[in-house]
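Beneath this line is the structure, given in structure tokens, with notes to follow.
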Amino acid sequence: MELVRDGKNRYRLVRTGKMRVDAVVYVNEVLLPLLRDDKSLEQLAHAAMLPGVINPVVGMPDIHEGFGLPIGGVMAVGEDGVISAGAVGMDINCGVRLIRTDLRVREVPVPQLKNLMLTVEDYVPTGVGKKSKHGELSRRLFERVARTGVRALVEQGVGAAADLEYIEEGGCLAGADLDAVSREAYKRGETQLGTLGGGNHFIEFQEVAELLEPALAERWGLFPGQLTVMIHTGSRGFGHQICTDFSRSHVTAAKKYGIELPNKGLACAPSNSPEGRQYFQAMACAVNFAFANRHLISHDVGRAFADVFRKEPEKLGFGLVYDVAHNIAKWERHGGRKVLVHRKGATRALPPGHEDNPRPYRETGHPALIPGSMGTSSYVLAGTERAAATFFSVNHGAGRVLSRGAAERTISREQFEESMGAVLYNIRNFKEIVDESPLAYKDVDQVVQTLAEIGLTRKVARLRPLAVIKGKD
DNA sequence: ATGTGC
């Protein structure tokens with residue numbers, strides 16, 4: 001397997017052996033060496049072997065080894081090709097939502113910020129295995145949420161109908177069918193609406209630190225010194241179970257349809273087969289659940305703001321900038337063809353004027369939301385026409401450089417605390433959070449710059465972390 | 001990522 005330089009910040013794995021197409025990975029000189037002891041390039045090559053795959057399979061600068069497709073991978077497949085649960089990921093519609101306020105960070109003293117953190121934690125369950133505090137609502141609305149997404153919550157008075165235009169797909173991916181979902185997945189999902197989860201998921205209070213395209217940032221409602229809230233979570237146990245179910249059953253399906261699997265994690269079925277359609281139907285349920293999960297969490301964050309500032313969220317300028325997925329498969333048009341784009345740790349970023357942009361962002365292109373690691377900046381990016389080369393995709397974050405285990409073994413308490421700087425966090429026991437240290441991640445500035453300097457994205461705003469809420473066990 | 005492992 002040979003990686004050849006193919007222009008600035010761009011390397012190509014030229015088709016060889018059973019690969020049907022090339023793989024292209026976008027990294028600069030700093031990020032390239034980080035792929036040394038990592039199977040992600042091999043995993044891109046595996047994806048390039050699947051039936052119907054379209055040239056090229058793409059790796060983002062935050063790429064790292066995953067299950068099946070690497071995290072930071074984009075695999076587009078024609079109508080005659082396959083769909084793969086492992087190319088979407090365990091956390092279906094893991095994604096990011098950004099909320100703006102009219103508050104200025106300098107007007108919010110640290111004790112008030114701490115109070116805000118505690119109040120949010122009262123409303124939003126965090127940590128692995130946690131169940132919804134809206135137990136009755138979660139159970140009652142679960143089926144409607146899975147079928148119709150965020151709209152089911154809006155109908156109950158959670159948020160406003162106008163919010164739907166500020167969510168990818170209007171908060172509902174078409175084609176969801178609960179009949180495709182196992183009993184097991186259903187049971188795990190119905191009690192988890194409005195929960196954060198663990199691992200890299202978070203609720204973060206941020207300050208708009210820098211406007212890189214001031215006119216556009218202001219048009220999107222951002223201003224320097226502004227307090228924003230970023231929510232990063234997904235479909236919890238529901239999506240996890242769906243991925244597990246289909247990664248197993250599609251090994252059999254692949255055999256049935258004569259598909260040779262380069263690795264088990266890429267288990268797949270023809271997208272037009274009953275097995276392939278069933279995965280799409282189930283995945284769409286989890287996509288809708290995750291959009292609704294972030295929506296209900298925002299509602300609860302709004303309640304916390306109302307408690308602390310003694311003003312209704314609307315009076316605080318509380319509003320949705322955007323909500324975007326980074327683990328999803330969707331049918332889209334690229335190069336005049338209908339293709340199924342699998343994005344796993346990759347964020348859609350449509351260019352200005354593209355007809356698939358939501359109405360408020362039709363002219364400018366929608367914001368692409370990129371969380372950094374805790375303790376480092378996050379970014380608001382915009383799409384470009386050049387990113388047609390990546391099926392209009394950008395990175396999804398900083399990307400891991402140390403596994404959880406390696407982080408726990410090698411990062412000391414002192415190093416951890418230094419890496420967090422002045423950022424507040426809710427976890428007392430450093431061992432529970434060291435695997436999320438900024439030291440376990442790549443440099444998000446390098447990652448974003450890699451794409452920006454070759455015109456695959458534009459930096460609109462940089463957000464600085466003030467305080468982060470992570471999952472508590 | 002995950003009621004975190006065959």
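FYI, side chains are in, hydrogens and waters are out, and symmetry mates aren't considered; it's all heavy atoms of this structure. Computed from a predicted structure; not experimentally measured.
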Listed once per pair and sorted, the salt bridge (Lys or Arg N to Asp or Glu O under 4.0 Å) pairs that draw on residues 251-274 of chain A, sequence neighbours left out: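 Salt bridge (Lys or Arg N to Asp or Glu O under 4.0 Å) check on residues 251-274 of chain A returns A/K18-A/E260, A/K256-A/E275.
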Where at least one partner belongs to residues 36-46 of chain A, residue pairs that pass salt bridge (Lys or Arg N to Asp or Glu O under 4.0 Å), sequence neighbours excluded: none
Going by heavy atoms closer than 4.0 Å, what residues in residues 423-442 of chain A are next to DNA chain B? A/E436
Under the salt bridge (charged side-chain N to carboxylate O under 4.0 Å, His left out) test, residues paired with A/E184 that sit two or more places apart: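 Here no residue qualifies.
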Nearest-Å distance, [atom1] ([X]) to [atom2] ([N])?
X	N	atom1	atom2	result
A/R404	B/dT4	CZ	P	14 Å
A/K187	B/dT2	NZ	C1'	16 Å
A/E408	B/dT4	CD	P	16 Å
A/N293	B/dT2	CG	C1'	14 Å
A/K131	B/dT2	NZ	C1'	14 Å
A/F67	B/dT4	CZ	P	17 Å
A/F238	B/dT2	CZ	P	15 Å
A/D91	B/dT2	CG	P	6 Å

Assign the ring pair A/H134 / A/H299 to parallel, tilted or perpendicular, where the plane angle (0 to 90°) is split at 30° and 60°. tilted
What residues form a side chain to side chain contact (heavy atoms under 4.5 Å, CB included) with A/S419, not counting sequence neighbours? A/F416, A/S437, A/P438, A/L439
Taking any heavy-atom pair under 4.0 Å as a contact, classify A/E184: base, sugar-phosphate, or nothing.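 Contact class for A/E184: base.
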NA contact type, A/G239, heavy-atom cut-off 4.0 Å: base, sugar-phosphate, or nothing? nothing
What side-chain donor-acceptor pairs closer than 3.5 Å can you find for residues 174-183 of chain A, not counting sequence neighbours?
residue : atom : partner : partner atom : Å
A/D177  : OD1  : A/D179  : N            : 2.9
A/S182  : OG   : A/A185  : N            : 3.1
A/S182  : OG   : A/D245  : OD2          : 2.6

